[in-house]
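Here the structure comes first, spelled out in structure tokens, and everything after it is commentary.
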Amino acid sequence: MIHSSCRKLIAIPPPVNTITTTQVFSTEAKANAAMAGIYSAMINGDKSFSTWSSAQSVFSAGLVTIMGGLSSGEMYSYSGANDQALYVLSTNKVNIYNTDRPILAWETAYKTIYAANSVIEGIAASTAVTIKDSTRKALTGEAKFIRAFAYFYLTNLFGDVPLALTVDFNQTSSMPRTPQQQVYQQIVSDLKDAADNLPESYPTGNGERVRANKATANALLARVYLYLGEYGNAAAAATTVIDNVASYGLETDLTRVFLKESREAIWQLKQTNTDNTLKNATPEGYQMLPGVPVTGIAKFVLSDELLNSFEEGDQRFVAWTDSTNNTGPQGTPGETTHYPAKYRIGISNGVFGAEAKEYYVVFRLAEMYLVRAEAAANGGPGGAAAAIADLNVLRRRAGLGDLPATLTAPQIKAAVAKERQIELFAEWGHRWFDLKRTGMAHDVLSAMPLKQPWSGDYQLLYPVPVSEIIVNHFLTQNPGY
């Protein structure tokens with residue numbers, strides 16, 4: 001069902017060889033297989049591109065990290081202007097003719113939404129008595145979570161986007177853009193439904209954290225409430241996850257945070273280990289790590305702006321970054337650069353067919369502490385003292401001293417922003433979204449040397465793919481493009 005779904009949800013009707021609803025949802029096994037197929041496509045792609053390149057071609061396999069990291073200035077492409085698709089993101093010079101990566105983010109997010117809608121509608125239409133009611137609710141909850149997840153990234157990358165809640169081509173082919181506020185309302189509604197119907201544990205993933213559960217829905221709900229400024233709700237959702245100490249806990253060893261058995265992980269995507277090139281690496285690890293340690297080329301380099309933000313003694317710098325002198329054949333003369341190393345399996349040490357040591361972490365517990373801290377700093381439960389306490393939990397884990405209890409309100413908010421920048425660097429576009437939602441983007445980005453001259457704040461949203469506008473005249477372009 002996933003591999004044969006339409007290329008563009010908004011533009012093209014389903015092909016004639018799509019598996020029918022009756023076939024897919026006739027048994028529990030087939031229904032679960034359909035859901036598993038969605039997760040697989042989200043990390044491995046759908047064969048439109050090579051699996052090893054999915055981090056640069058699929059929104060949920062690393063593309064959001066790369067796009068957000070380049071646009072926010074926390075990293076840049078070592079190839080510079082030689083790789084225009086990445087360079088225009090690093091310099092914030094995107095236009096309607098050089099939107100290779102934003103187009104892929106749009107297309108793959110809508111493919112995911114199409115698949116999620118297929119499950120939601122298929123379960124609702126199925127009359128199979130072999131599918132238990134509890135399974136129907138759980139699968140529908142998973143699909144609604146995935147739909148909300150994809151829309152969260154679409155609306156933060158593009159602003160107003162078409163809100164397609166069906167696979168019916170007659171309804172989706174000429175949809176206009178839906179106001180972001182309405183998109184968020186649907187996201188919240190989907191996540192509430194998911195949290196109500198998903199299990200507490202991970203029974204359908206053999207205990208691995210690779211299928212959505214109640215905590216996964218609450219984690220995204222906490223983030224969404226934070227973005228909406230609903231600080232009480234954000235804190236409550238985050239606390240629900242933090243207080244589940246039987247299932248989750250911060251890893252005291254920072255090198256374990258991104259392993260597949262990490263207790264800090266709330267939700268992970270499990271990559272294939274049977275691709276000849278990717279081997280058993282995560283797609284992001286394959287893209288971020290140099291082909292030859294110490295001397296090879298690191299494709300994505302951490303910026304001075306980020307490196308200078310680490311405090312002396314911060315163990316996150318030690319555990320989650322690495323460096324190369326670039327003296328390999330393509331890199332002479334040598335120049336030492338630092339790169340993200342949250343994932344440690346890549347080109348140089350991946351093993352075909354071997355059991356993966358790392359899965360791709362989507363949500364982790366540290367973010368919940370940061371959500372609750374920011375909520376408290378903005379008038380949420382506990383106020384200043386609670387915000388400082390949550391920040392200090394992460395600082396102690398990183399080997400840093402506690403923040404003083406005497407910080408003023410503006411100082412606490414600045415400390416939250418700083419801890420988010422360091423804790424969540426090179427993860428899922430957090431820095432890019434944080435700069436935009438807090439109103440800091442213009443001042444921070446327009447001062448970066450690589451982004452001179454600053455083209456304008458319209459660059460804070462990517463352009464809607466022109467190919468979509470051509471086939472649907474109800475779509476409009478973002479201002480400035």
Side-chain angles (χ1 to χ4, degrees), residues 39 60 138 141-142 144-146 148-149 152-153 184 187-205 207-252 254 256-269 342 359-378 380-382 386-398 416 419-420 423-424 427-428 430 433-434:
Y39 290 106
S60 49
E142 280 187 272
K144 285 189 174 183
F145 163 76
I146 288 172
F149 177 78
F152 171 83
Y153 284 101
Y184 266 124
I187 290 172
V188 170
S189 175
D190 278 349
L191 291 175
K192 285 182 174 180
D193 286 348
D196 287 341
N197 291 293
L198 286 171
E200 295 275 359
S201 59
Y202 301 88
T204 55
E208 294 182 325
R209 304 179 179 198
V210 297
R211 296 276 293 261
N213 71 345
K214 194 177 297 290
T216 307
N218 280 321
L220 181 53
L221 194 56
R223 183 194 297 176
V224 169
Y225 279 138
L226 182 72
Y227 278 40
L228 293 175
E230 298 184 25
Y231 298 119
N233 287 334
T239 298
T240 297
V241 184
I242 293 171
D243 286 352
N244 187 356
V245 294
S247 299
Y248 309 106
L250 292 175
E251 292 283 358
T252 55
L254 288 167
R256 293 187 52 81
V257 172
F258 296 91
L259 298 181
K260 70 175 184 180
E261 66 271 17
S262 169
R263 290 195 75 248
E264 188 167 329
I266 301 169
W267 180 41
Q268 303 165 313
L269 288 169
K342 289 184 170 180
Y359 293 159
Y360 191 39
V361 176
V362 188
F363 295 118
R364 59 187 181 95
L365 191 62
E367 185 193 351
M368 296 298 98
Y369 280 95
L370 291 167
V371 166
R372 195 167 68 176
E374 185 172 341
N378 284 277
I388 292 173
D390 277 339
L391 293 179
N392 284 338
V393 169
L394 299 182
R395 289 178 60 83
R396 290 170 197 150
R397 199 256 296 261
V416 169
E419 287 302 316
R420 287 186 64 89
E423 181 72 29
L424 301 175
E427 281 186 64
W428 287 94
H430 280 291
F433 297 158
D434 285 350

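Across G232 and P381, no two heavy atoms sit closer than the pair CA-CD, 4.1 Å. Between A366 and L394, the shortest heavy-atom contact is O-CD1, 3.8 Å. In this structure, L198 and N213 approach most closely via the heavy-atom pair CD1-O, 3.4 Å. The minimum heavy-atom distance linking V245 with R263 is given by the pair O-NH2, 2.8 Å. The two residues V416 and A377 come nearest to each other via the heavy atoms CG2-CB, 4.4 Å.
The aromatic ring centroids of F152 and Y227 lie less than 6.0 Å from each other.
R209 has its side chain within reach of Y248: a pair of non-hydrogen atoms, C-beta onward, lies under 4.5 Å apart.
Shown are W428, F145, Y202; of these, the ring pair (Phe, Tyr, Trp, His ring centres under 6.0 Å) with W267 is made only by F145.
Classified by interplanar angle (parallel below 30°, tilted 30° to 60°, perpendicular above 60°), the ring pair F433/Y153 is tilted.
Remark: the backbone N or O of A212 is paired with a side-chain donor or acceptor of Y39 at under 3.5 angstrom. Looking only at distances, a side-chain donor or acceptor of T239 sits under 3.5 Å from a matching main-chain atom of A235.
Under the 3.5 Å distance criterion, with hydrogens and angles disregarded, no donor-acceptor pair is assigned to the side chains of Y369 and E419.
A salt bridge links R397 with E423: the distance from a Lys NZ or Arg NE/NH1/NH2 to an Asp or Glu carboxylate oxygen falls below 4.0 Å.
By the salt bridge (Lys or Arg N to Asp or Glu O under 4.0 Å) test, E261 pairs with R256, sequence neighbours left out.
Sequence neighbours left out, the pairs with a member in residues 214-241 that pass salt bridge (Lys or Arg N to Asp or Glu O under 4.0 Å) are R223-E367.
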>> Is there a side-chain contact (heavy atoms from CB on, under 4.5 Å) between L226 and E374? Walk through the geometry before answering.
In response: CA-CA 8 Å; L226 182 72; E374 185 172 341; 3.6 Å; yes

